[in-house]
Structures are given as structure tokens and as C-alpha cells.
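Every heavy atom of this structure was used, including side-chain atoms; hydrogens, water molecules and symmetry mates were not. Because the structure is a prediction, the values reported are computed rather than measured. Sequence lines set the chain letters: A, B, ... in the order given, protein chains first and strands last, and positions in each chain run from 1.
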2 protein chains.
Amino acid sequence: MADRLGGGVAARMAHYLQVLTQAKKAGRSAITSHEISEYTHVNATQIRRDLSGFGTFGKRGVGYNVDALIGEISGILRTAGQHNIVLVGGGRLGQAIAEADVFADHGFSIVGVVDSDPAMLGQPCGNLAIRGTEDLPMLIEENQVIVGVVAVPAEAAQDVADELVRAGVRIVFNYSGALIDVPPHVTAHTTSPAVELLYALYFHLA
Amino acid sequence: MADRLGGGVAARMAHYLQVLTQAKKAGRSAITSHEISEYTHVNATQIRRDLSGFGTFGKRGVGYNVDALIGEISGILRTAGQHNIVLVGGGRLGQAIAEADVFADHGFSIVGVVDSDPAMLGQPCGNLAIRGTEDLPMLIEENQVIVGVVAVPAEAAQDVADELVRAGVRIVFNYSGALIDVPPHVTAHTTSPAVELLYALYFHLA
DNA sequence: TAGATTGTTAATCGATTAACAATC
DNA sequence: TAGATTGTTAATCGATTAACAATC
């Protein structure tokens with residue numbers, strides 16, 4: 001039992017967890033390292049190696065029990081349980097995020113949606129009503145939120161990030177595509193689907 | 001000039017390109033390896049090393065010219081120019097994707113949006129009108145489309161992927177979160193924001 | 001000149017892969 | 001038993017990092 005995983009292992013573990021969660025939803029009860037490899041593009045030997053470092057979770061000739069492995073990896077990543085997040089931006093992107101299962105599937109619960117546009121106040125987003133940005137500090141403190149999700153246009157992203165940081169979040173998850181700066185004690189992550197598409201395209205063209 | 005980049009280098013190059021493109025939009029004309037490192041979480045020495053393998057693009061004491069470096073990396077990745085893509089799913093997620101600059105910024109042009117719901121036919125999505133899925137093969141052939149983007153609910157994702165494969169795409173870019181199977185000559189990529197959030201959370205909690 | 005940053009080396013560490021025994 | 005798949009080893013390759021000369 002390692003004290004702290006290396007960056008590479010942790011990233012791959014999170015990826016395995018996502019695949020297992022989806023496999024479970026699809027009704028699968030067992031899965032092999034080769035199947036996980038197909039979905040993650042991680043070498044199957046590497047997967048078995050990563051897992052066997054923490055215990056013997058598989059059955060030779062059979063594969064891994066999906067439920068059991070979800071439990072093991074959640075434990076290793078210490079991400080089991082509920083994690084509260086706030087969403088900034090109630091437009092189409094925000095609505096799509098609020099309605100997607102992808103966060104809920106991993107125990108991320110959206111406890112508030114805010115928007116700076118007064119016209120959106122009270123409008124529904126997922127199963128919440130949109131609130132003003134002035135509620136952000138309260139939402140974050142009362143619900144012990146450490147993650148803020150930015151779903152606003154690129155021009156507004158830095159301002160929103162600043163507000164989130166002031167209000168106390170430690171992780172800014174940025175869907176806007178814009179580059180944002182945060183202080184050292186905060187981690188910013190910008191999703192960039194185009195990066196992965198460029199990468200896939202390179203190998204197709206080459 | 002290497003014939004074919006390794007997977008790691010190609011992924012990082014695509015990431016640098018995304019940062020440079022955003023930096024250019026923000027009005028920056030020069031950037032240092034340390035700044036690129038902040039935004040990509042890739043070690044600054046690694047960045048300089050990756051780039052210097054293809055030429056001397058930087059100016060000591062100054063940094064890299066943003067425009068020039070965009071050109072160099074586009075050339076290395078051979079992704080310069082226009083790439084046509086089709087979008088399946090005209091709901092909120094599809095609309096958010098159609099309106100986002102993130103694909104257009106890298107030369108990806110959406111040439112058609114289709115949806116299986118007859119009620120959505122003719123409705124606007126981005127600056128296109130939604131069409132029926134029966135138009136998919138024609139759209140793909142006429143526009144030499146190699147990438148199909150899946151923005152439908154998880155339950156419908158596999159069917160949509162099958163249709164896209166039959167219609168001739170080579171890369172399926174899947175926003176649904178569901179696991180999808182494609183034949184060996186096709187590459188499937190499933191975006192999974194939750195994976196990156198789990199990863200960020202692990203390092204925050206640990 | 002002084003300060004900053006690149007380009008490059010060398011040394012270390014982790015990822016990757018093939019191969020195969022263990023075992024379900 | 002036969003087939004499949006895990007767990008593990010060993011060997012190779014690429015990533016990472018510190019250090020520093022080159023040079024803007």
C-alpha cells in the first residue's frame with residue numbers, strides 16, 4: 001500500500017474507474033484487462049501491473065469482478081463518498097453538464113448553479129434553480145465545496161475563476177477553453193477536447 | 001525530422017498547440033516554456049526538449065514567438081488546414097459543442113448536425129439546421145469527413161457509433177460517457193471529465 | 001553588463017512490452 | 001483436460017529532472 005501514487009498511476013486508476021463504472025451501468029459483472037485496455041488505450045499488461053501493486057483483485061482465466069474492482073480503486077484513490085461541486089454558468093453548456101450523469105456517477109453532486117446574467121435568475125438548470133454569483137461564498141462554505149466548474153464564455157472565464165478562488169474552492173475545472181491563472185494553492189484544469197482530437201487525427205494522417 | 005512521433009510527444013505537442021492558440025486569442029505575442037508549463041502541467045524542460053527536437057524555435061532570454069510556434073507545431077502534427085466533422089445530437093450538449101470555438105480554433109469545421117428525433121428536424125444548431133440521420137452517409141462522403149462527434153444520451157451512443165462507422169468515419173469522438181465498441185480500423189475516443197476531476201481530487205486529498 | 005531563458009547533456013526514474021509460469 | 005487470463009519478471013525504452021553553457 002503506497003502512501004501516495006505517482007501521477008501516471010493515479011491518472012490511469014481514475015480512467016479504469018470510469019470504464020468500470022460505465023461497464024457496471026451497462027450490466028457487466030466481470031471484465032478482463034484486455035477489455036479495459038480497449039476502452040482506455042492503456043496496455044493490458046500495464047493495467048494488470050497497476051492493479052496487482054495493491055492486491056490480487058482478479059481471477060485467472062476469468063478477469064476482474066466489476067463491483068469489487070470499483071470498490072478497490074475507489075479505496076486506493078480515496079475518492080469514495082460524496083463530493084460537492086458548484087457550477088458557474090447556466091447556459092447550454094452548464095445545462096448539459098448539470099444533466100449529464102458523468103459527475104453524479106462518481107459521487108460528484110452539484111449543490112448550486114450560479115450565473116451573472118440577472119435574466120437567468122430562478123431559471124431551472126438540472127434540478128436546481130439558477131442563483132446570483134453573490135451566493136457563491138455561502139454555497140461553498142455551507143457545503144464544503146472544493147471544486148468549482150466553469151461553464152461560461154472564454155471572455156468571462158478568468159473573472160469567474162477569480163471569484164471561485166476568493167470564495168474558497170481549491171480546484172477550478174474550466175470548460176471554457178480559455179487559459180486561466182490561479183494562485184499556487186489552487187489547481188486549475190482546462191478541458192480541451194480539441195487536443196485529443198488533434199492527437200487522434202495525427203495518428204490517422206501519419 | 002522524425003517520421004512519426006511517439007504517442008507521448010504527439011499528445012504533448014497537441015496540448016502545447018492548444019495553449020498557444022488560446023494565448024494568441026488573448027493577445028499574447030510571446031510565451032516562455034515556464035508559462036506553457038503552468039497551463040499544461042508539463043515540465044518546462046520537457047517542453048523545451050520536445051520542441052528543440054524539431055528545430056530552434058525559441059529566443060534565449062525571451063521565449064517563443066506565439067504565431068511562429070503555432071505554425072511549427074501545426075506542421076509537425078500535419079494538422080494544418082481544414083478538417084470537416086459531423087455532429088450527431090442537436091440537444092443542449094450538441095448545441096454547446098456547435099457554438100464553442102474550441103473546434104473551430106483548430107480548423108475543425110462542423111459540416112452537418114443530425115438527430116434521430118423528427119421533432120428536431122430543421123431546428124437551428126450553431127449556424128446549421130438539424131437534419132435526419134439518413135443524411136449521414138451523404139454528408140460524410142461529400143465533405144470527406146473522417147471525424148464523427150457523438151453528443152447523444154448514453155443509451156443511444158453505441159447505435160450512433162455504428163451508424164457513423166457504416167457511413168465511413170474513421171474517428172468517433174464520444175461525449176456520451178458510455179463505452180462504445182468500434183471495429184479495428186476506427187478509433188474511438190470517449191471524453192471523461194470525471195476522470196480528470198477524480199485525478200485532481202486525489203492529489204488534493206492525499 | 002546583468003538578468004532571463006533557451007538548448008543540451010547526463011543521470012535517474014518510471015512506463016512499456018514480451019514472455020511465461022501460475023491458476024481459474 | 002484445454003483454453004483463457006492473471007500476476008510477475010526482465011529487458012528496453014521514453015520521461016523526468018537538475019545542472020549549466022550559450023545567447024538574447
Using 0.5 Å steps for rounding, measure from the OG1 atom of B:Thr79 to the OH atom of A:Tyr202.
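Output value for this atom pair is 10.0 Å.
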
Would you mind pulling out the nucleotide paired to C:dG14, Watson-Crick or G-U wobble, both distances under 3.5 Å?
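Across all strands, the one nucleotide that pairs with C:dG14 is D:dC13.
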
Nucleotide opposite C:dA4 in a Watson-Crick or G-U pair, distances under 3.5 Å
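For C:dA4, the partner nucleotide comes out as D:dT23, under the 3.5 Å rule.
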
Take B:Tyr39 and A:Asp181, measure what side-chain contact (heavy atoms from CB on, under 4.5 Å) needs, and give me the verdict at the end.
CA-CA 8 Å; B:Tyr39 295 122; A:Asp181 294 307; 2.7 Å; yes

Enumerate the protein-to-nucleotides 17-20 of chain C contacts in which both atoms are nitrogen or oxygen and the separation is below 3.5 Å.
from   : atom 1 : to      : atom 2 : distance (Å)
C:dT17 : OP2    : A:Asn43 : ND2    : 3.1

Rounded distance (Å) that lies between atom [atom2] of [N] and atom [atom1] of [X]:
X	N	atom1	atom2	result
B:Ile47	C:dT8	CD1	P	16 Å
A:Asp50	C:dA15	CG	P	8 Å
A:Leu51	C:dT16	CG	P	14 Å
B:Asn65	C:dT5	CG	C1'	15 Å
B:Phe54	C:dT6	CZ	C1'	17 Å
A:Glu35	D:dT5	CD	P	8 Å

Derivation of the side-chain contact (heavy atoms from CB on, under 4.5 Å) call for B:Tyr64 and B:Arg48:
CA-CA 10 Å; B:Tyr64 298 89; B:Arg48 296 199 299 276; 3.6 Å; yes

Pair A:Leu17, A:Ser74 - check side-chain contact (heavy atoms from CB on, under 4.5 Å), show working.
CA-CA 8 Å; A:Leu17 190 54; A:Ser74 300; 3.9 Å; yes

Can you give me the closest heavy-atom contact between B:Val165 and B:Pro183, atom names plus distance?
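For B:Val165 and B:Pro183, the tightest heavy-atom pair comes out as CG1-CG, 3.6 Å.
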
Would you name the heavy atoms of B:Val182 and B:Thr187 that are closest together and state the gap between them?
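Heavy atoms of B:Val182 and B:Thr187 come nearest at CG2-C, 4.4 Å.
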
Please verify the inter-ring angle class for B:Phe173 with B:Phe103; under 30° counts as parallel, over 60° as perpendicular, anything in between as tilted.
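The arrangement is perpendicular - the two ring planes meet at more than 60°.
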
Is atom NZ of A:Lys25 surrounded by more than 12 heavy atoms (other residues, nucleotides or ligands) closer than 6.0 Å?
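Check passes, neighbour count above 12.
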
Is the number of heavy atoms from other residues, nucleotides or ligands within 6.0 Å of CD (A:Gln144) greater than 12?
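Open.
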
Quick check on contacts: within residues 13-34 of chain B, what sits under 4.0 Å from DNA chain D by heavy-atom distance?
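Residues of residues 13-34 of chain B that come under 4.0 Å of DNA chain D do not exist, since none gets that close.
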
Can you tell me if the side-chain N/O atoms of B:Tyr64 get under 4.0 Å from OP1 or OP2 in C:dG7?
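Answer is yes, contact under 4.0 Å.
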
Could you go through the side-chain contact (heavy atoms from CB on, under 4.5 Å) check for B:Val145 and B:Leu139 one step at a time?
CA-CA 8 Å; B:Val145 170; B:Leu139 274 171; 5.8 Å; no

Donor-acceptor contact below 3.5 Å, side chain B:Asn65 vs main chain B:Leu69:
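Such a contact is absent between B:Asn65 side chain and B:Leu69 backbone.
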
Which pairs, protein N/O on one side and nucleotides 21-24 of chain D N/O on the other, fall under 3.5 Å?
from   : atom 1 : to      : atom 2 : distance (Å)
D:dA22 : N3     : B:Arg60 : NH1    : 2.8
D:dC24 : O4'    : B:Arg60 : O      : 3.1
D:dC24 : O2     : B:Arg60 : O      : 3.4

